[in-house]
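A short worksheet on the structure shown next.
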There are 6 protein chains.
Amino acid sequence: MSTGKAVRESLSEYSEVALPNDANGLGAVLGGKVMHLVDLAGAMAAIRHARKPVVTAAVDSLHFIHPVRIGELIVLRSSVNRVFRTSMEVGVHVETENLLTGKKRHTCSAYLTFVALDETGRPSPVIPVVPETEDEKRRYQEAGKRREYRLTPRKGLRP
Amino acid sequence: MSTGKAVRESLSEYSEVALPNDANGLGAVLGGKVMHLVDLAGAMAAIRHARKPVVTAAVDSLHFIHPVRIGELIVLRSSVNRVFRTSMEVGVHVETENLLTGKKRHTCSAYLTFVALDETGRPSPVIPVVPETEDEKRRYQEAGKRREYRLTPRKGLRP
Amino acid sequence: MSTGKAVRESLSEYSEVALPNDANGLGAVLGGKVMHLVDLAGAMAAIRHARKPVVTAAVDSLHFIHPVRIGELIVLRSSVNRVFRTSMEVGVHVETENLLTGKKRHTCSAYLTFVALDETGRPSPVIPVVPETEDEKRRYQEAGKRREYRLTPRKGLRP
Amino acid sequence: MSTGKAVRESLSEYSEVALPNDANGLGAVLGGKVMHLVDLAGAMAAIRHARKPVVTAAVDSLHFIHPVRIGELIVLRSSVNRVFRTSMEVGVHVETENLLTGKKRHTCSAYLTFVALDETGRPSPVIPVVPETEDEKRRYQEAGKRREYRLTPRKGLRP
Amino acid sequence: MSTGKAVRESLSEYSEVALPNDANGLGAVLGGKVMHLVDLAGAMAAIRHARKPVVTAAVDSLHFIHPVRIGELIVLRSSVNRVFRTSMEVGVHVETENLLTGKKRHTCSAYLTFVALDETGRPSPVIPVVPETEDEKRRYQEAGKRREYRLTPRKGLRP
Amino acid sequence: MSTGKAVRESLSEYSEVALPNDANGLGAVLGGKVMHLVDLAGAMAAIRHARKPVVTAAVDSLHFIHPVRIGELIVLRSSVNRVFRTSMEVGVHVETENLLTGKKRHTCSAYLTFVALDETGRPSPVIPVVPETEDEKRRYQEAGKRREYRLTPRKGLRP
């Protein structure tokens with residue numbers, strides 16, 4: 001009996017070239033543009049796994065390792081780490097490639113939580129994800145710890 | 001002798017109406033659109049305080065309290081909570097207003113870290129922020145705690 | 001008995017950073033971009049007062065005091081000056097701020113007329129605006145004169 | 001000796017289909033979108049006549065005869081009516097076409113004033129326009145009257 | 001009895017100024033931007049002739065004679081060459097104008113095939129086009145040859 | 001001695017979700033939007049191979065197998081088939097995925113010719129591509145035939 005779906009079915013890749021307008025006329029591409037793409041790539045993996053519309057419920061803290069320049073290619077890879085009944089943790093890995101030199105850099109990584117919706121817009125159950133490789137199993141376990149951590153109240157430390 | 005600037009000089013308000021394209025053809029506005037605006041509003045407060053170009057260094061975890069609908073007005077208020085030599089913690093409060101009914105809802109809040117840059121693109125010192133009201137003093141203190149918290153390594157819990 | 005709404009309930013602020021694409025590759029930001037924002041900010045005040053959808057009926061002559069540069073922040077403040085049964089005069093004040101220097105300039109001011117619509121798209125009555133401060137009372141009176149002036153035919157002088 | 005250029009050399013046509021995003025999720029296309037296009041079409045005629053960069057100095061009052069719907073084609077025709085040393089009056093005629101029925105409607109007309117710039121960004125002389133047809137001569141004369149009218153102070157009636 | 005419509009009723013002109021964002025931060029405007037406009041201008045002619053929604057079925061090979069620069073005006077002229085029951089061949093001529101010098105260059109030409117749709121989204125008959133001038137008659141005949149050519153299978157030469 | 005680069009180094013994937021604005025208010029996504037993405041994905045493969053800026057020189061005829069709907073994911077895969085001194089033939093395969101059902105369809109395929117440029121904007125030699133797999137060798141050979149075919153004049157059949 002099928003009780004879940006393999007992680008690889010949610011694997012998504014999304015790319016975009018940073019354009020002049022993404023830089024707000026002040027040089028480097030704003031982090032918000034990258035965050036926008038992180039959410040888009042994350043939603044793609046979540047929808048592909050759940051085959052339902054989703055909304056973003058939360059984004060864990062993220063740290064930008066280097067700024068992105070106009071003309072660079074932003075490459076985002078995402079997959080569902082674990083399902084929690086109607087929500088999913090999705091991991092997104094962001095890399096920036098200078099197309100003229102081929103140099104690639106790790107830009108940031110993020111964990112997002114998406115909730116699947118039914119036709120009436122209410123949270124709707126999602127089929128579990130089945131980790132198969134060692135890497136997938138590690139991410140599955142860590143997703144559980146992160147969830148606990150997320151649900152612990154932290155007075156003054158969280159918005 | 002002036003050794004800092006009042007918080008209110010960085011106070012910024014940014015508004016945008018959610019458009020059809022922000023919803024990706026799947027109903028509710030994607031969280032990534034809101035995150036994009038959060039970064040924009042945060043950068044405005046940071047630039048207004050530092051009067052220098054800035055880059056986003058980090059975003060603390062954020063949680064969406066409700067989805068945003070097309071046609072609603074997204075109102076963002078931001079201010080600098082504290083300066084750490086070349087970086088600043090900025091708080092952003094996001095509210096959504098249904099223009100036809102006047103109903104307002106708290107959508108999310110976020111803490112971002114921006115780094116000020118000099119003309120060569122290197123981190124550049126920022127004048128301290130001087131908290132004056134009780135509320136500003138509380139945020140100033142909490143910003144210190146959040147910074148400690150941010151700098152504590154958390155294996156497997158952070159990207 | 002409440003027979004109107006205070007002006008301050010319609011007070012709206014809208015901000016946008018001028019981006020490279022707003023300049024059409026020819027240097028300064030085109031006036032049309034500013035006019036677009038003027039209409040948006042004006043509509044926000046009108047909708048907030050009427051709590052109904054609105055359409056722009058007319059824009060009085062406007063004069064640009066200085067050109068806007070890419071990277072500058074355009075800040076628009078709007079409020080309803082007076083209601084004429086189904087239409088409203090809205091005043092919009094536009095200021096441009098150089099974020100890196102903090103220098104602000106008055107860019108232009110505009111008076112727009114919006115018509116409120118019911119569900120069938122027909123003009124629909126709007127609750128009167130009640131001027132309270134001296135400034136609001138002056139604007140209320142002048143709005144009446146401008147309306148007369150607008151309705152006077154001027155052969156060859158108006159499109 | 002050439003002392004001017006024919007009006008027809010500045011004649012410009014600009015078209016755009018009204019898209020979902022132009023309507024702000026509230027039904028009809030906002031007047032500001034049309035004003036944006038009016039300025040763009042006007043600038044095209046002014047640049048074509050002056051062969052120099054231009055900035056918008058002023059827009060005379062304009063009145064929208066009917067709202068524009070998403071999917072309709074907005075067609076703008078513009079030409080330079082008269083030159084005043086470094087500035088030009090441009091007339092813009094806006095028509096909306098329902099592409100599926102072929103029905104066309106006059107949407108609005110506008111008079112704009114553009115100033116030509118030299119390489120340093122300062123106002124720069126423009127070659128006169130030479131009206132040839134009866135219609136061009138009438139517009140030339142009326143442009144002179146409108147200019148006088150524009151320059152007459154009108155306390156409280158103008159922003 | 002009317003058995004067709006004159007070519008001139010489908011004649012369409014579309015213009016757009018190439019903006020910074022169209023150049024992907026790598027200098028010249030990408031050919032894809034021009035192709036986008038070619039399709040838009042072609043669809044306008046097709047819809048104007050058929051007065052029905054259309055979809056693009058095919059684009060013949062096209063060759064760019066020169067690159068387009070930011071700030072240049074792209075002018076597209078299109079008309080229906082011939083109708084084949086539910087489909088139409090549309091020709092699009094693209095010219096680029098440097099607005100500051102007035103210099104115009106032929107950028108590319110294209111032949112597109114559009115299919116008209118009824119309300120259910122199925123192919124729907126289109127009234128024939130009646131060529132009147134010598135030029136229109138030549139295009140009508142050539143459109144027939146191109147159609148034959150298009151329908152001939154060419155193993156390995158076509159995608 | 002290295003005399004070329006493997007095809008796989010140019011392999012590129014680009015994805016985009018079709019948004020409301022891509023449909024021009026008339027239902028299905030216009031072919032021009034897809035053509036825009038085809039060019040973008042093709043340019044990515046060409047730049048990755050040449051590590052130089054490129055311009056689109058030509059696009060072979062392309063045929064849309066089915067229309068694309070708003071909300072569907074457009075996935076483009078591209079690679080360099082063969083190098084001809086300063087130009088490259090790139091093949092682009094376009095697939096559309098309905099994210100909610102997972103159904104994928106082949107939308108169209110295209111062959112584009114890009115020219116590499118040096119810093120002065122002149123055509124610049126490109127390192128040859130070395131086909132390794134059977135599939136790559138077949139494409140390499142066919143690219144040669146298509147080039148011959150492209151260079152054969154066809155009176156009246158080509159724009």
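Since we're looking at a predicted model, the values are computed, not measured. Below, read A as the first sequence line, B as the second, and so on, with proteins coming before strands; counting in each chain starts at 1.
- Ranked by heavy-atom pairs shorter than 4.5 Å toward chain F, the options E:A57, E:A43, E:P67, E:A58 are led by E:A57.
- At a cut-off of 3.5 Å, with distance as the only test, no side-chain donor of F:D135 or F:T133 sits close to an acceptor on the other residue.
- Contact check on F:E89 versus F:R150 returns a salt bridge, with a Lys/Arg side-chain nitrogen under 4.0 Å from an Asp/Glu carboxylate oxygen.
- Per-residue counts of heavy-atom pairs under 4.5 Å with chain F were compared for E:V115, E:T113, E:T56; the largest is that of E:T56.
- The environment of F:Q141 atom CD is sparse: at most 12 non-hydrogen atoms of other residues, nucleotides or ligands sit within 6.0 angstrom.
- If you tally non-hydrogen atom pairs under 4.5 Å between each of F:I65, F:V59, F:L37, F:L112 and chain E, the highest count goes to F:V59.
- Every residue two or more places apart in sequence or in another chain that forms a ring-ring contact (aromatic ring centres under 6.0 Å, His included) with F:H106 is listed here: F:H93.
- Using a 4.5 Å cut-off between heavy atoms, E:V38 does not touch chain F at all.
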